[in-house]
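The structure appears right after this line, and notes come after that.
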Amino acid sequence: MDYLQQLNESQRAAVENTEGPVMVIAGAGSGKTRVLTYRIAHLLNKGVDPFNILSLTFTNKAAQEMKERIGKIVGLANSRNIWMGTFHSIFSRILRSEAEKIGYPQNFTIYDTQDAKNLIKTILKEMGLDDKIYKPNLVLNRISSAKNNLLTAKAYIANTTIQSEDRQAAKPRIGEVYEIYEKRCFKAGAMDFDDLLFKTNVLLRDHPDVLHKYQHRFKYILVDEYQDTNFSQYIIVKKLAAAFQNVCVVGDDAQSIYAFRGANIQNILNFKTDYPEAKTFKLEENYRSTQNIVKAANSIIKHNTEQIEKNVFTSNKEGNKIKIHQAATDNEEGKIVANLIYDTQFSQQARPKDFAILYRTNAQSRSMEEALRRKNIPYKIHGGKSFYQRKEIKDLISYFRIIINPQDEEALKRIINYPARGIGKTTIDKLMIAANNHQKSLWEIVTHINKVDVGINAGTQNKIKGFSDLIKSFSLQIDSKNAFDLASDIASTSGILKDLYSDKTPEGISRYENIQELLNGLKEFTETDNEEEEDVTPRGLVEFLQDVALLTNADNEKEEDRDKVTLMTIHSAKGLEFPYVHIVGMEENLFPSQMSLTSRADLEEERRLFYVALTRAEKEIHLSFATSRYRFGTMMFCEPSQFIDEIDESFIEFTFNKSSTPSPAQLANFDEPYSAQNSYGNRNTSYKKKSTMPSKKNPPPKVIQTTPKNLTKISAASTPPNQESANDLKLEKGMMVNHQKFGNGIIENIENGKASINFQNIGNKQLLLKFAKLSIVK
DNA sequence: GTATTATCTAAGTCT
DNA sequence: TAGATAATAC
């Protein structure tokens, strides 16, 4: 079999040892994906039924790509039936078919983080808890990590350690919130992301017949990125693999970067203990990067304590040193990066797709974006707010959700008054109270509004009736119409399209276009055959909705996006590779994140994250930092990251001179062209972190304020207000004025401090001059 | 109940 | 800075 010839010794061993537990420790760039694909191809070639293979990947995109690659080796007919996908998508599928066993409807809703947070807020309000103390995010995180450790609300409340933690944090009632949250989700027929794993565990625990069925279905189990699995995932794998023990886990402890999500690095460190028979294979040869990059990355990771011993090496050529760039501001950093990319495109005949800009936080994308746009360099931003999380998209999808699962309370609350139909907050509160009092779902109250006395007047009752009739009329068409036809019908009949169409602001137009795009996507979905099933029944909304909550932007990359510079967080860059990598924002408190500085474990995770970033690169790495940047709406001074110091200095090269570091006073002119500082060659190896950098220790003259988090704020000299409250302006009839949101308009009349303005885009508006932020155009 | 504007507050990573 | 929420006028 010639594919085996393409593997080195350890890769080949990892592919051929198909029976029994196997752990593959795969250093960065060591051909891990190749091993996984070939291992599966090998299984199929040996005659294993694709239906007996379960392959768990970290993203859906990775699954899709791997399936394609396997298909090329063994044929599509064979590869398409493998169970391959993320934990969440595979087990949500299984949960759907077994739902009734654990008391859930087959069409259960998947609550995304936003839904979950809204529900938490509702519960906090009902319990009379202050959401400034019980911060919804924090409460949700506590619940989430409890679930990932398989703790029910009861167990949470009974757990003395957790209780004392919560008491210490002055939030003793989180357990109660969890209990109610759990009940409300169940009542709504909804599962959040963590439930998809949690409930799978419940299913496998309480139904031995089901466990048996899947144990025998999945005779071969492969888990990618095993270092990033949490306890809940770990137990699922362990249970499913118990019958045959043909479990192959692949990972790299040095790349474990999801502890915040409950990932437990011990899972990989303890594999040997769980399966004493396990064979371990180490893939240590890096085929991706230059000597310099591999060695620099090794020099970073050795600052961490606990890890599996391995020696990552490469026989690639030495390559360039890692270049380190200094910028005065975040905007200038963007310019430096954009210029470097621009130049490299020509000097190395590189394509835009050869470049990646990686950052720690999504917020950093803005300055990069702007600089790239100025230079006309095509780019794509990965991550940030997903398309499916946009308000308008969630609104329309909430209609789909409520039609398919009327118990879905979060969806119902979202749309009962959108578009506005006269059912306001007071009414919704009354409905909610009635639902709680009668132990009924919100939908039951809504549909029986005439029969329950909830203190709502006849007019409003009628409006509610109109709404529920509307939803019911959609529900009736669920089986007869395909996804696209029904969705279009909903979009127009509900009034969403009209509402968005009437908004001619740029944001409004983009919202309208987003809806159109969703509809286009649905059309495509409707017309594509369902590859999982033999019969080609038209695909309806039910099918569409099944995994829409699990989709991310990465899952619908467009053709035209292929040759563009990639902007993404380091987390989402995991598993990817690029010839040229720019890691930006190499600053203390940003990377490593200020939140990680309190514990050694967190700092080590940041360091592994840096390791992941470095090892994405094939040819060149550029690190950059700014000495000041906008954060929290104000300019703040920054120091270079400690991680820069941690790289063995023989692998790095500074592109700036310490003495040319701008003094704080010069920062006033920081938007000057930076080219003078950007020349290579004036290397300064004796760079010391705490040199003349502005810092909390030698505060610059412009500092006015210090935040508790050691971040130094700079006065907002660079942000002149460009618009002021109109009472300071001499406005007259006939003037053209500009409003931030409404654009330009002509003042038609002014009286009693009120102006009637005819805006070019949206028509006439009455604005109170006391508040309206207007500027005079002419 | 709705629309508009003021005010607050949070920006960590992802399924 | 931007999104969510509160306050206010009508």
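Values below: every heavy atom of this structure, side chains too, minus hydrogens, waters and symmetry copies. Proteins get letters first, then strands, A, B, ... in listed order; numbering begins at 1 in each. Source: prediction; values computed, not measured.
DNA chain B is contacted by both A:His571 and A:Lys463; A:Lys463 maps to the nucleotide lying nearer its 5′ end (nearest heavy atom per residue). Position along DNA chain B of the nearest nucleotide to A:Phe260 versus A:Lys135 favours A:Lys135 as the more 5'-ward residue. Toward the 5' end of DNA chain C, the nearer of the two residues A:Lys425 and A:Arg366, judged by each one's closest nucleotide, is A:Arg366.
Atoms CE (A:Met191) and C1' (B:dT15) sit 15 Å apart, rounded to a whole Å. Atom CG of A:Asp602 and atom C1' of B:dG12 are 11 Å apart (whole Å). Here the P atom of nucleotide C:dG3 and the CD atom of A:Gln114 are 12 Å apart, to the nearest Å. Across the protein-nucleic acid pair, A:Leu550 atom CG and B:dT15 atom P stand 10 Å apart, rounded to whole Å. Taking atom CZ of A:Arg608 as the reference point, atom C1' of B:dT13 lies 13 Å away to the nearest angstrom. If you take CG of A:Asn462 and C1' of B:dG1, they are 16 Å apart, rounded to a whole angstrom. In this structure, NZ of A:Lys117 is placed 14 Å from C1' of B:dC14, rounded to the nearest angstrom. Rounded to a whole Å, the NZ atom of A:Lys61 is 12 Å from the P atom of B:dT15.
For A:Thr427, whose side chain is taken as the heavy atoms from C-beta onward, the closest listed nucleotide among B:dG12, B:dT2, B:dG1 is B:dG1. Side-chain proximity of A:Thr426 to B:dA11, B:dG1, B:dG12: nearest is B:dG1. Closest to the A:Thr86 side chain, of the nucleotides B:dC14, B:dT15, B:dA3, is B:dT15. In the set B:dC14, B:dG12, B:dA10, B:dG12 carries the atom at the smallest distance from any side-chain atom of A:Met595. Comparing B:dC14, B:dG12, B:dA10 by their closest approach to the side chain of A:Ser593 singles out B:dG12.
Contacts classified as ring pair (Phe, Tyr, Trp, His ring centres under 6.0 Å) and involving residues 587-608 of chain A (residues at least two apart or in different chains) are given here: A:Phe591-A:Phe610, A:Phe591-A:Phe643.
Residue A:Asn417 has a polar side-chain atom (N or O) positioned under 4.0 Å from OP1 or OP2 of B:dT2. For A:Ser572 and B:dC14, the shortest distance from a side-chain N or O to OP1 or OP2 is below 4.0 Å. For C:dT5, the OP1/OP2 oxygens have a side-chain nitrogen or oxygen of A:Lys121 closer than 4.0 Å. Close to B:dC14, at under 4.0 Å from its OP1 or OP2, lies a side-chain N or O of A:Thr569.
Among the heavy atoms of the strands, none lies under 4.0 Å from A:Asp112. Among the heavy atoms of the strands lying under 4.0 Å from A:Lys132 are primed sugar atoms or P, OP1, OP2 only; no base atom is included. Within 4.0 Å (heavy atoms only), A:Asn362 reaches sugar-phosphate atoms of the nucleic acid but no base atom. In this structure, A:Tyr258 reaches the sugar-phosphate backbone alone: every heavy-atom distance under 4.0 Å involves primed, P, OP1 or OP2 atoms, never a base. Across all strands, A:Lys574 comes closer than 4.0 Å to no nucleic acid atom at all (heavy-atom distances). Within the nucleic acid shown, A:Thr460 has no heavy atom closer than 4.0 Å to any nucleic acid atom.
Ring orientation note: the planes of A:Phe108 and A:Tyr104 are nearly perpendicular, at an angle over 60° on the 30°/60° scale.
Classification of A:Glu369 and A:Arg366 as a salt-bridged pair fails, no side-chain N sitting under 4.0 Å from a carboxylate O. Under the 4.0 Å criterion applied to side-chain N and carboxylate O atoms, A:Glu410 and A:Arg414 are not assigned as salt-bridge partners. A salt bridge links A:Lys391 with A:Asp395: at least one charged nitrogen is closer than 4.0 Å to a carboxylate oxygen. Between A:Asp112 and A:Lys394 a salt bridge is recorded (basic side-chain N to carboxylate O distance below 4.0 Å).
C:dA4 and B:dT13 are spaced 22 Å apart, taking the C1' atom of each and rounding to whole Å.
Proximity of a side-chain donor or acceptor of A:Ser593 to a complementary backbone N or O of A:Leu590 within less than 3.5 Å is not detected.
Judged by distance alone with a 3.5 Å cut-off, a donor-acceptor contact links the side chain of A:Glu606 to the base of B:dG12.
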